[in-house]
Each structure stands twice: as C-alpha cells, then as structure tokens.
Amino acid sequence: MAFGTNGLGRRLRSEQAVLARMRGTQDRIADAITTFAGTMQFVYIHAAWFTVWIACNEGLFGRSAVWDPYPFGLLTMIVSLEAIFLSTFVMVSQNRQAIRAKVRADLDFETNVRSEVWSAHIGHALGVDSKQVEQEVQTLLAEPGKDEQHRAVLSIDPAK
C-alpha cells in the first residue's frame, strides 16, 4: 500500500509543481476574476447596481440625480466593456485549463507506460506469454461489441 501511495504522492507533487511553475501573476488575477464572476455574489452586486442606476436615472431620487437618462447609453457602454473583459478573462482561464489538462494527460501517459512496463516484467516473471495476451487484447479492441467482451474477460476466473 505504501509503495503505491508513495508513487501517487510523487506524481501529484510533480503535477502541482509543473502547474505552479506555469502560473504567473497575470494568470492568478485572471483566475480570481473568473472565479468571482461565476458566483451569485457577482450577480447580486450587478442586480443591485443596475437597479440603483436605473432608479436614479428614471428620476426616482429627483431630477438632480439623473446623469444617464433613458436609454442609458453610459450604462450600456460600461456593461458592454465589462462583457468584453469578462469574456477575455474566461478565455484566458479556459486556455490555462487546457494546459492543465495537457500536463495531466502527459503525466497519465507516463503513468500508463510505467504500468505497462511493470506489468510486462511481472507477466514475464510469472511465465505469461505476452504475445498471446497482446493478440487477445487486439482481438477485443478490433471487434464490435467490445464493451460486452471486455466485461466477459474481466469476469473470467484466472484459475480455470
């Protein structure tokens, strides 16, 4: 158990180290903005802001409080600019997520290669014919309905 846990811990630390080295100040800021923009607090703040803005500019607090009369051109411009910036921050965060996914995929591939090498060595030590195993795998992968066959292979009793 400790052997597997130690390897997993090393892999996770490696993944976190790679991702940490790739994350700069700009990335942290973009992630923080995107994270906040995806909250209900963000929605509530905007709902309150729009309500106060429209109420003021409809004259509910007197004519002296009107600075952006209907059709609220200034509000429209501010909201449009905010949408442009928010969509940019979302794209930056999505690009970072894609990079994270690639790092994880690369590390997963490395783990799979290690597992395959270990399996081959263990199989060899146990006297398993690797060519026969590979032939059975290729047959299963090439045939239609491979999901059912895969389940059938998994349920085979190796003692028989």
Side-chain angles (χ1 to χ4, degrees), residues 1-53 74-160:
M1 185 81 157
F3 177 79
T5 305
N6 186 21
L8 177 62
R10 203 172 30 243
R11 180 191 182 282
L12 291 176
R13 282 191 300 275
S14 173
E15 178 179 341
Q16 291 166 354
V18 168
L19 294 174
R21 281 194 306 269
M22 296 169 57
R23 189 172 187 214
T25 302
Q26 293 175 358
D27 294 323
R28 283 191 289 279
I29 291 169
D31 287 344
I33 290 171
T34 302
T35 299
F36 176 66
T39 65
M40 287 306 293
Q41 183 180 9
F42 181 83
V43 173
Y44 299 144
I45 290 170
H46 279 74
W49 173 34
F50 296 152
T51 301
V52 170
W53 187 291
L74 181 59
L75 178 63
T76 303
M77 183 186 70
I78 291 170
V79 170
S80 296
L81 286 171
E82 181 184 38
I84 290 167
F85 280 105
L86 283 177
S87 64
T88 302
F89 288 125
V90 167
M91 288 188 290
V92 167
S93 291
Q94 286 177 337
N95 287 341
R96 286 189 23 78
Q97 282 293 80
I99 291 168
R100 284 185 203 124
K102 175 149 179 19
V103 167
R104 287 184 182 122
D106 289 346
L107 291 170
D108 285 345
F109 177 75
E110 179 184 328
T111 300
N112 291 340
V113 169
R114 289 176 186 274
S115 296
E116 188 168 348
V117 169
W118 274 100
S119 296
H121 284 290
I122 291 168
H124 178 72
L126 294 173
V128 174
D129 182 7
S130 61
K131 290 180 183 175
Q132 180 185 357
V133 171
E134 184 60 30
Q135 183 180 11
E136 290 176 22
V137 168
Q138 292 302 322
T139 301
L140 285 173
L141 293 176
E143 293 179 8
K146 59 185 167 190
D147 291 336
E148 292 173 23
Q149 291 176 357
H150 178 72
R151 281 192 292 277
V153 167
L154 290 178
S155 67
I156 292 176
D157 183 7
K160 290 184 179 179

request  = Check step by step if side-chain contact (heavy atoms from CB on, under 4.5 Å) holds for Trp49 and Ile78.
outcome  = CA-CA 12 Å; Trp49 173 34; Ile78 291 170; 3.5 Å; yes
query = Is there a side-chain contact between Val103 and Leu107 (heavy atoms, below 4.5 Å)?
reply = yes
ask   = Which pairs pass ring-ring contact (aromatic ring centres under 6.0 Å, His included) with one or both residues in residues 15-40, sequence neighbours excluded?
value = Phe36-Phe42
Report, one line per pair, each donor and acceptor closer than 3.5 Å where one atom sits in a side chain of residues 80-96; sequence neighbours left out.
| residue | atom | partner | partner atom | Å |
| --- | --- | --- | --- | --- |
| Ser80 | OG | Thr76 | O | 2.8 |
| Glu82 | OE1 | His46 | NE2 | 3.0 |
| Glu82 | OE2 | His46 | NE2 | 2.5 |
| Ser87 | OG | Ala83 | O | 3.1 |
| Ser87 | OG | Ile84 | O | 2.8 |
| Thr88 | OG1 | Ile84 | O | 2.9 |
| Ser93 | OG | Asp31 | OD1 | 3.0 |
| Ser93 | OG | Thr34 | OG1 | 3.1 |
| Ser93 | OG | Phe89 | O | 3.3 |
| Asn95 | ND2 | Met91 | O | 3.4 |
| Arg96 | NE | Asp31 | OD2 | 3.2 |
| Arg96 | NH2 | Asp31 | OD2 | 3.1 |

task = List the steps and the verdict of side-chain contact (heavy atoms from CB on, under 4.5 Å) for Ile29 and Ile33.
result = CA-CA 6 Å; Ile29 291 169; Ile33 290 171; 3.8 Å; yes
key: Verdict with supporting geometry, Asp106 and Lys102, salt bridge (charged side-chain N to carboxylate O under 4.0 Å, His left out)   = CA-CA 6 Å; Asp106 289 346; Lys102 175 149 179 19; 3.0 Å; yes
message = Return the CD to CG distance between Glu134 and Leu141, rounded to the nearest 0.5 Å.
response = 8.0 Å
message = Around atom CD of Gln135, are there more than 12 heavy atoms from other residues, nucleotides or ligands closer than 6.0 Å?
response = no
query = Does any pair with a residue in residues 113-124 pass salt bridge (charged side-chain N to carboxylate O under 4.0 Å, His left out), and if so which ones, sequence neighbours excluded?
reply = Glu110-Arg114
